[in-house]
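Values below: all heavy atoms of this structure, side chains included; hydrogens, waters and symmetry mates excluded. Heads up: numbering here begins at 1 and tracks the sequence.
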Amino acid sequence: MASDPVLVRVELNFRSTEDESAEALGDRIREAVASIVGREALEDFRVRTLPLVERKSKGGLRPVD
C-alpha cells in the first residue's frame, strides 16, 4: 500500500557577496530542486533577500522624536 503524500518544507539561508543577482541564484536552486523531486512535485518556491548591512537612506522617512 502506498503512503499518503506529505508536503516537505526545506528552509535555507546563506550569505552571498556574488555579483550574481538573488533572482539568478534562486533560479539555479529552483532548477536543482526540480531536477531532484520533479517539476510537477515542486509546489512552491520563493526567494527573499534581506540586507545584512544597514545603509543610510537618502530622503524618505525620518525617525520620530
Side-chain angles (χ1 to χ4, degrees):
M1 184 173 175
S3 298
D4 291 333
V6 297
L7 182 65
V8 177
R9 180 177 178 158
V10 176
E11 293 188 30
L12 172 72
N13 296 308
F14 61 91
R15 293 181 192 200
S16 177
T17 57
E18 297 291 321
D19 291 338
E20 190 173 15
S21 72
E23 280 194 35
L25 285 171
D27 288 343
R28 291 173 51 199
I29 294 168
R30 179 186 297 113
E31 288 301 316
V33 172
S35 71
I36 293 168
V37 301
R39 291 191 186 285
E40 65 283 345
L42 185 57
E43 291 286 330
D44 184 35
F45 191 92
R46 300 174 193 193
V47 175
R48 182 177 72 163
T49 59
L50 299 170
L52 295 177
V53 177
E54 187 176 330
R55 294 184 178 181
K56 294 181 179 179
S57 62
K58 295 180 181 177
L61 301 176
R62 63 176 176 77
V64 176
D65 295 325

- Item | Set of side-chain contact (heavy atoms from CB on, under 4.5 Å) partners for T49, sequence neighbours left out |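 Residues passing side-chain contact (heavy atoms from CB on, under 4.5 Å) with T49: A22.
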- Task: Quick one: list whatever passes side-chain contact (heavy atoms from CB on, under 4.5 Å) with A41, sequence neighbours left out.
- Result: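 A41: side-chain contact (heavy atoms from CB on, under 4.5 Å) contacts with V37.
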Rounded to the nearest 0.5 Å, what separates atom [atom1] in [X] from atom [atom2] in [Y]?
X: I29; Y: L12; atom1: CD1; atom2: CG; answer: 5.5 Å
X: L25; Y: E23; atom1: CG; atom2: CD; answer: 10.5 Å
X: L52; Y: S16; atom1: CG; atom2: OG; answer: 10.0 Å

- Less than 4.0 Å between a side-chain N and a carboxylate O, is that true for R39 and E31?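 Yes, E31 and R39 are salt-bridged.
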If Ile, Leu, Val, Met, Phe, Trp and Tyr residues are connected whenever their side-chain heavy atoms lie under 4.5 Å apart, and connections chain through other members, are [X] and [Y] in the same group?
X: F45; Y: L7; value: no
X: F14; Y: L50; value: no
X: V6; Y: V10; value: yes
X: I36; Y: L42; value: yes

- Message: For D44, is the CG atom crowded, meaning more than 12 foreign heavy atoms sit under 6.0 Å from it?
- Response: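 Check passes, neighbour count above 12.
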